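Structure first, commentary second.
So that the names make sense, note that chain A is the first sequence line, chain B the second, and so on, each numbered from 1. In this text the structure is predicted, and so the values were computed from the model without any measurement.
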There are 2 protein chains.
Amino acid sequence: MQRVSLTELAKQLNLSPSTVSRALADHSEVSEATKARVRKLAQELNYQPNQLAAALRRGRSNTLGVLVPHITGHFFPQVVHGIATEASKAGFTVMICQSNEDAAQEKKNIELLRHNQVEGIMVSLANTTQDISHFEELRQQGVPLVFFDRVVEDFRGANVSAVVLDDHAGAYQVVQHLIEQGCRRIAHFSGPLHMSIHKNRHQGYRDALRDHGLPLDEQLIVFCEQSQAGGTEAMQRLLRELPAPPDAVFASNDLAAVGAMRVIKAAGLRVPQDVAVAGFSNETFTTLTEPNLTSVDQGCETMGISAVRLLQQMLHHTAEHRQPQPRNVVLKPQLLVRESSLRKPRK
Amino acid sequence: MQRVSLTELAKQLNLSPSTVSRALADHSEVSEATKARVRKLAQELNYQPNQLAAALRRGRSNTLGVLVPHITGHFFPQVVHGIATEASKAGFTVMICQSNEDAAQEKKNIELLRHNQVEGIMVSLANTTQDISHFEELRQQGVPLVFFDRVVEDFRGANVSAVVLDDHAGAYQVVQHLIEQGCRRIAHFSGPLHMSIHKNRHQGYRDALRDHGLPLDEQLIVFCEQSQAGGTEAMQRLLRELPAPPDAVFASNDLAAVGAMRVIKAAGLRVPQDVAVAGFSNETFTTLTEPNLTSVDQGCETMGISAVRLLQQMLHHTAEHRQPQPRNVVLKPQLLVRESSLRKPRK
DNA sequence: TTGAAAGCGCTAACAC
DNA sequence: GTGTTAGCGCTTTCAA
């Protein structure tokens, strides 16, 4: 079986290519009879339209670009899933690239996406990215751009939107909840503050303590790698160095929380009765730990959906030659209380 | 700044488009001087080649299609990562689609990929797929096809390769290991046997018992949902119905194993001393459970890499008008022994 | 070493 | 309703 082109269909039907094109696009100006004939033959010959040609001719590819640090792990696959689903609904296909957390690859991928004529790009930054000239260039050339999660701070302008999570609010909720559970000496395991997620979670912690009239004890704040090993080490240090253990731990991510929990249990203390524990991100394994881990759900899919919608808005505006209205969306995370922090019966 | 085309470059340089095209492609027939001039202006005007046009003209898109059931979870993101990385090395871009486990979407996505002129497709089947006519069609039309993980059984022919995991060998290794640890009454939590992964793991279990002279006790085989809840229920049933608990549990996936482990511990039994536990897939959380869970690593990335290589082979053959040589690759999984099954000191 | 010309497959303005 | 024509941006013979 040979590949059949639209022109080929036209010949066999004694029609012009334009009519066939219109028939296949279900234009109203084509007679029903003709449409039927065209469709029938297209079906018979298994005609497959060539999107590349169509896109070239139209000057619109119907493709959106996605650039993420990686497509493994918990967070990004979920976001990408949201993006892919929402884009598909809107009739777009997506082209997905990974930077592997490498600024150089990020730059290359941006070019790749452009060369493939994507109509807009959704990006979450590689954590090594310092130089943002490649994004500046996109902005200047009017390529609609949406940053999500890891955004370029203070990078505003026409054609650049962003969707981020309110990490501060998430952390605040967690700490508030711990206080409500009767905890008074709440430790915090933080990641490096140059990463905005950790900075904001850290600030949420401080603000929640302040707003509830609790003193801030710097000894209770530990900067550690946000991994299980990091959490383990941090917790060991606290138990060793403090006169009495804290009555709660809020870790900036779930892995560190798990590490802490293990150490607490190994020390003969009970979770949550002696030490309540909470993490952040609502990883899959939070319902597999013992006890199940209280965490903050980030609504990953929602973030993907938002990103696509923001991009679509900009595309519409661009198409209508109106000034695009960049928007910044801040998503509210959701506290999920599980056994690891629940000391009082649920209301 | 305007979008610049190759033709535009040519005009500004007083060259023909063909020369510019050759210069950019670094053809040897173009003088170095000309190449330099072209590159300089291309740089200055920030020329971005239009892949769509190039692909259309060449008849080669340089794009590979990927179709997976979903891009969330543990397994598929890893495989896709392998695919994307390997494809990128070979100078291909990938287009990733999800079927969401839905046969109809799968069919649609196949069309989408074709319309986008992918040069070949890598597929892992949706679990609802019964009718495989859309793949049969691809095969007949000579679109190179590689199935991975979830393959169409007995679907062989030119232009169709496959890469699967040797689930039987993986299960066999697990059970052999449990036997070596002194276990004699090894229970098996299986998924539905119409899924080849579960069927093969189940058979591996039986064969390992047989080869080591252990009797097969049908009472020790439980069919249950391969989830934490499923494992929980299955384990509860065993403890309730058997005169004595088994001395090991091999679950067809890690979640079910976690469910079992919890029930065992709740019943006051120790893991692994009283009951050893092992799962399958080496999910991320296997190092987070208490004790850490013995499992089988599937080498997900390797699978992705293999898929791309198989596809490339077929593309080469096709390009050289040779009969493509479809190949079937079977990857060997790796047993990872952790605390949940380790009764004896490591050798 | 360079240029002219043709055309990949499709769509859309403009005719009739 | 349908056809004619032109051209999206690029590559690739073929000729000079």
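Residue Arg150(A) comes nearest to Ala126(A) through the heavy atom pair NH1-C, 3.9 Å, listed as atom of the first residue, atom of the second, then distance.
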Q) Can you give one letter per nucleotide of nucleotides 11-16 of chain C, 5' to 3': B if a protein heavy atom sits under 4.0 Å from the base, S if only from the sugar-phosphate, - if neither? A) BBB---
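With a cutoff of under 4.0 Å to any heavy atom of chain B, the contacted region of DNA chain D is bounded 5' to 3' by dG9(D) to dT13(D).
Atom NZ in Lys11(A) sits about 14 Å away from atom C1' in dC10(C), given to the nearest Å. Taking atom CG of residue Leu24(A) and atom P of nucleotide dG9(C), one finds them 15 Å apart after rounding to whole Å. Following rounding to the nearest Å, Leu9(B) (CG) and dG3(C) (P) show an atom-to-atom distance of 14 Å. Computed from coordinates, the Lys35(B) NZ to dT2(C) P distance equals 10 Å when rounded to whole Å.
Proximity of a side-chain donor or acceptor of Ser161(B) to a complementary backbone N or O of Arg327(B) within less than 3.5 Å is detected.
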Just list the side-chain donor-acceptor pairs under 3.5 Å for residues 59-74 of chain B, sequence neighbours left out, or say none.
{"from": "Arg60(B)", "atom 1": "NE", "to": "Glu119(B)", "atom 2": "OE1", "distance (Å)": "3.4"}
{"from": "Arg60(B)", "atom 1": "NH2", "to": "Glu119(B)", "atom 2": "OE1", "distance (Å)": "3.3"}
{"from": "Arg60(B)", "atom 1": "NH2", "to": "Glu119(B)", "atom 2": "OE2", "distance (Å)": "3.4"}
{"from": "Ser61(B)", "atom 1": "OG", "to": "Thr63(B)", "atom 2": "N", "distance (Å)": "3.2"}
{"from": "Ser61(B)", "atom 1": "OG", "to": "Gln117(B)", "atom 2": "O", "distance (Å)": "2.5"}
{"from": "Thr63(B)", "atom 1": "OG1", "to": "Ser61(B)", "atom 2": "O", "distance (Å)": "3.2"}
{"from": "Thr63(B)", "atom 1": "OG1", "to": "Thr93(B)", "atom 2": "OG1", "distance (Å)": "3.3"}
{"from": "His70(B)", "atom 1": "ND1", "to": "Thr72(B)", "atom 2": "O", "distance (Å)": "3.3"}
{"from": "His70(B)", "atom 1": "NE2", "to": "Glu101(B)", "atom 2": "OE2", "distance (Å)": "3.4"}
{"from": "His74(B)", "atom 1": "NE2", "to": "Asn282(B)", "atom 2": "O", "distance (Å)": "3.3"}

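Among the heavy atoms of the strands lying under 4.0 Å from Leu15(A) are primed sugar atoms or P, OP1, OP2 only; no base atom is included.
Checked against salt bridge (Lys or Arg N to Asp or Glu O under 4.0 Å), Glu29(A) has no partners two or more places apart in sequence or in another chain. Residues meeting the salt bridge (Lys or Arg N to Asp or Glu O under 4.0 Å) test with Arg309(B), sequence neighbours left out: Glu86(B).
Axis deviation across the helix from dT1(C)-dA16(D) to dC16(C)-dG1(D) amounts to 30°, comparing end segments of five pairs, rounded to 10 degrees.
Side-chain contact check for Ser18(B) and Ser21(B): no donor-acceptor pair (N or O, by modelled atom type) lies under 3.5 Å. Using a 3.5 Å distance cut-off with no hydrogens or angles, the side chains of Gln141(B) and Glu137(B) do not pair a donor with an acceptor. Residues Gln48(A) and Asn46(A) have side chains that bring a donor and an acceptor to within less than 3.5 angstrom of each other.
Exactly one of Leu331(A), Leu125(A), Val163(A) qualifies for a side chain to side chain contact (heavy atoms under 4.5 Å, CB included) with Phe148(A). That residue is Val163(A).
Comparing Ser5(A) and Ser16(B) by the nucleotide of DNA chain C that holds the closest heavy atom to each, the one mapping nearer the 5' end is Ser16(B).
Here Arg114(A) does not pair with Glu111(A) in a salt bridge; the nearest charged N to carboxylate O distance is not below 4.0 Å.
The ring of Phe147(B) has its center closer than 6.0 angstrom to the ring center of Phe155(B).
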